[in-house]
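In what follows, a single structure is set out as structure tokens and then discussed.
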Amino acid sequence: MQTVAQDPVASSFHARHAILATDTTRFLQPTPSNRVPFTKLFATLGPSTNTYETIRSVIEAGATAIRMNFSHGTHESHTELYNTVRKVSADLKKEVAVMVDLQGPKLRCNRFPGGSIHLHTNATIDLVASNEMGNDTTITTPFEPMITHCQVGEPVLLDDGYIRLVISEKKSDRLVCKVIQGGELKDKKGINLPMTDLGPMPALSEKDRADVEFALSNFDTDYFALSFVRNPEDVMELKALIAQHGKKAQIFAKIEKPESIRRLDDIIAVSDGILYARGDLAVEIGIAKVPFLQKHVTQRCQHFGVPICICTQMLESMTKNLAPTRAEASDVCNAVFDGADAVMLSGECASGSHPTEAVRMMIELLNETEIQLALSFPAASSLAPHILKQRDEYDGHDFQQGSFEKASYKNIWKVCASAVSLVEQNKAKLIACVPSNSFELRSLSSLQPQIPVIAISTDKSLVRTTRVCRSAFGIFVDKEPSEADLKTILVNEWPVLFKEEDTKSKPFVFIDFRSCTATTMYLP
Ligand SMILES: Nc1ncnc2c1ncn2[C@@H]1O[C@H](COP(=O)(O)OP(=O)(O)O)[C@@H](O)[C@H]1O
Ligand SMILES: C=C(OP(=O)(O)O)C(=O)O
């Protein structure tokens, strides 16, 4: 077995050497089929996954969180999806986090008769602001200011930039566009205007506000995703709206605009999670910038203790095919390697031909990568000291994670680091805690110990937070556990969580967040 330097900076340089130094036969071992990955998986629901059977099948296959994209569907169709998710979850006795993804100030085209039109390269097409459906000669969008703000010569990108137009003429009621790159344009695909100044846009449109109110009144929504976030105030506006309703739903900010890159730390500091939304981001900043920036954003999230999910086209070819491309497989591996908390399947699950196979493939890729990563870095968390050092540097930040005093969140970070050191000293098999809020849990999980973090809670929403955080697993209980209860719960639930029996005589580390202490204990 190789020895890996316990360098706190677990850079890809060290990682590369760790892999090179090992016995290569380990790469040829079969990936165990019963392992549960530490990296979490969002599945987007849509026409391909709108029945009890299909939703059950993606959750059984390993999806831990569900995304409902409110840019599509109706309140009625979302209610049906939501109720089915909760029913499946109850039937499988498996908590699933539910995220409502708000459209935000995103421009989209309306529907077309038959669901799509074909745009021929070099043809002309009109862009009109209207609520009517489009047709073969006209694309309609409800967004009125587009017509006044757009100028001749500016590009119009459709469907994440796959279809490209340029404005050739501006009339009082329409923009006449030349098709530079044609293709099939389906209902409600996105419109990006990277060269157009659209003036100030509200963070939440009327539609978003109505959607938030609907989701808070009708669902037990765990998360909202806020699209096109530009600054921390956008996130705070949604936080205030949720608080007005007396609810505790958390917020994932979507990083998909150049403005959000400029204010990255400030946005992460006030968010409960980040979606790295590569579809729109690639259109907005250029596709070549997206892969490296992903590594940067992932690191910043780890440093703040905020979960990050990598989104869009991860297994895109599985929308049609039964196997992904090699490049897609590498993309998933890299996301895990970089430290993502979660990955997302979008069109693959929402409208693809093989949603369950896409989930199974993702789980296999996550498992294989995590196994190799653990062998390359046998230490429980080589990241912890580095992350803590970085956190010390955030003293000046307007860090708003719940109602904490700065002193208390620093203590939480310290006890999490002590727990990880104890794991290493005592070869502990898991870290258990009874968190009183999601910040405590996220602080621990963001250190990415390579053993499970088990959160035991009487609060279902806290248990569901584990469904989006790397290494975290949740156990729901009726009453706050005593120390004796704790051991019984762990011994009983372990086989359920990890499909393995052997828990006897194992050391584990328990964190008491109230007293900010970490102790090594033994399972009976
Ligand atoms: N709730 C829904 N109802 C109907 N169709 C949906 C729904 N969610 C997703 N879809 C379809 O699945 C496609 C892929 O989903 P997603 O990647 O979330 O969408 P988009 O890229 O348009 O934001 C969408 O473009 C849409 O055609
Ligand atoms: C996840 C994304 O957002 P949406 O699907 O809402 O366009 C994206 O742009 O990558």
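Counting starts at 1 for both ligands and their atoms, in listed order. Treat the numbers as computed from the prediction; the structure is a model and nothing was measured.
- Annotation: the span from Leu158 atom CG to Leu127 atom CG amounts to 7.0 Å, rounded to 0.5 Å.
- With ligand atoms numbered from 1 in the order given, ligand 1 contributes 18 (O) to contacts under 4.0 Å with heavy atoms of Thr44.
- Any N or O atom pair closer than 3.5 Å counts here, and Lys106 shares no such pair with ligand 1.
- Contacts between Lys186 and ligand 1, counted as non-hydrogen atom pairs separated by less than 4.0 Å, are absent for every part of the residue.
- Ligand 1 places these atoms under 4.0 Å from at least one heavy atom of His78: 1 (N).
- Below 4.0 Å from some heavy atom of Arg67 lie the following atoms of ligand 1, by number and element: 18 (O).
- The Lys189 neighbourhood of ligand 1 comprises atoms 25 (O), with distances under 4.0 Å to a heavy atom of that residue.
- Residue, atom and distance of the protein heavy atom nearest to atom 6 (O) of ligand 2 are Lys254 NZ, 2.9 Å.
- When non-hydrogen atoms are compared, ligand 2 lies under 4.0 Å from the side chain of Thr312 (C-beta onward) but not from its backbone.
- Taking every non-hydrogen atom of Arg278 and a distance limit under 4.0 Å, the qualifying atoms of ligand 2 come out as 10 (O).
- In this structure, His245 contributes its side chain and Leu241 its backbone to a donor-acceptor pair below 3.5 Å.
- Open room surrounds CE on Met195; 12 or fewer heavy atoms of other groups in view lie less than 6.0 Å from it.
- Only backbone heavy atoms of Leu45 (N, CA, C or O) come within less than 4.0 Å of ligand 1; its side chain stays farther off.
- The protein heavy atom nearest to atom 2 (C) of ligand 2 is Ala277 CB, 3.6 Å.
- Partner of Arg35 under the salt bridge (Lys or Arg N to Asp or Glu O under 4.0 Å) criterion, chosen from Glu364, Glu370, Glu368: Glu370.
- Taking a 6.0 Å sphere around CD of Glu80, one finds it holds 12 or fewer heavy atoms contributed by other residues, nucleotides or ligands.
- Remark: Asp265 engages Arg300 in a salt bridge, criterion side-chain N to carboxylate O under 4.0 Å.
- Using modelled atom types and a 3.5 Å distance limit, the side chains of Thr54 and Ser57 yield no donor-acceptor pair.
- Every atom of ligand 2 is numbered from 1 in the order shown, and the set under 4.0 Å from a heavy atom of Arg108 is 6 (O), 7 (O).
- Although no hydrogens or angles enter the test, the distance criterion places a donor-acceptor pair under 3.5 Å between the side chain of Arg86 and the main chain of Val96.
- No N or O atom of Asp160 sits closer than 3.5 Å to an N or O atom of ligand 1.
- Neither the backbone nor the side chain of Lys188 has a heavy atom within less than 4.0 Å of ligand 1.
- For the pair Arg209 and Glu237, the salt-bridge criterion is met [side-chain N within less than 4.0 Å of a carboxylate O].
- Side chain to side chain, Ser438 and Thr465 fail the donor-acceptor criterion of an N or O pair below 3.5 Å.
- Atom 21 (O) of ligand 1 is never approached by the protein to below 4.0 angstrom, counting heavy atoms only.
- Scanning the protein for heavy atoms near atom 7 (O) of ligand 2, the closest one is Lys106 NZ, 2.9 Å.
- For atom 5 (N) of ligand 1, the choice among Pro47, Ser116, Cys311, Ala277 with the nearest heavy atom turns out to be Pro47.
- The nearest heavy-atom contact from the protein to atom 9 (O) of ligand 2 is Asp280 OD2, 2.8 Å.
- In terms of N/O distances under 3.5 Å, ligand 1 is approached by His72.
- Only the side chain of Glu256 comes within 4.0 Å of ligand 2, judged by heavy-atom distances.
- Atoms of ligand 1 lying under 4.0 Å from at least one heavy atom of Ala350, given by number and element, are 9 (C), 12 (O), 15 (O).
- The pair Asp331-Arg278 meets the salt-bridge criterion, with a side-chain N (NZ, NE, NH1 or NH2) lying under 4.0 Å from an Asp/Glu carboxylate O.
- More than 12 heavy atoms of other residues, nucleotides or ligands shown are found within 6.0 angstrom of OH on Tyr52.
- Heavy-atom contacts of Gly279 reach the following atoms of ligand 2: 8 (C), 9 (O), 10 (O) (cutoff under 4.0 Å).
- Here the heavy atom of the protein found nearest to atom 14 (C) of ligand 1 is Gly347 CA, 3.6 Å.
- Taking every non-hydrogen atom of Ser351 and a distance limit under 4.0 Å, the qualifying atoms of ligand 1 come out as 12 (O), 13 (C), 14 (C).
- When hydrogens are left out, the protein atom nearest atom 16 (P) of ligand 1 is Asn69 ND2, 3.7 Å; that is the closest non-hydrogen contact.
- Within the 4.5 Å cutoff, side-chain heavy atoms of Phe219 are placed close to those of Met68.
- At a heavy-atom distance under 4.0 Å, no atom of Met68 approaches ligand 1.
- Using a 4.0 Å cut-off between heavy atoms, Arg108 contacts ligand 1 through its side chain alone, with no backbone atom that close.
- Less than 4.0 angstrom separates some heavy atom of Ser346 from each of these atoms of ligand 1: 17 (O).
- Distance check: Met133 CE to Arg111 CZ gives 6.5 Å after rounding to the nearest 0.5 Å.
- Annotation: Lys188, atom NZ; neighbour count of heavy atoms from other residues, nucleotides and ligands within 6.0 Å is above 12.
- Only the side chain of Arg67 comes within 4.0 Å of ligand 2, counting heavy atoms alone; its backbone N, CA, C and O stay farther away.
- The cationic group of Lys247 does not satisfy the cation-pi geometry with Tyr223, failing either the under 6.0 Å distance to the six-membered ring centre or the 45° limit from the ring axis.
- Between Asp222 and the options Arg464, Lys248, Lys460, a salt bridge (Lys or Arg N to Asp or Glu O under 4.0 Å) holds for only Arg464.
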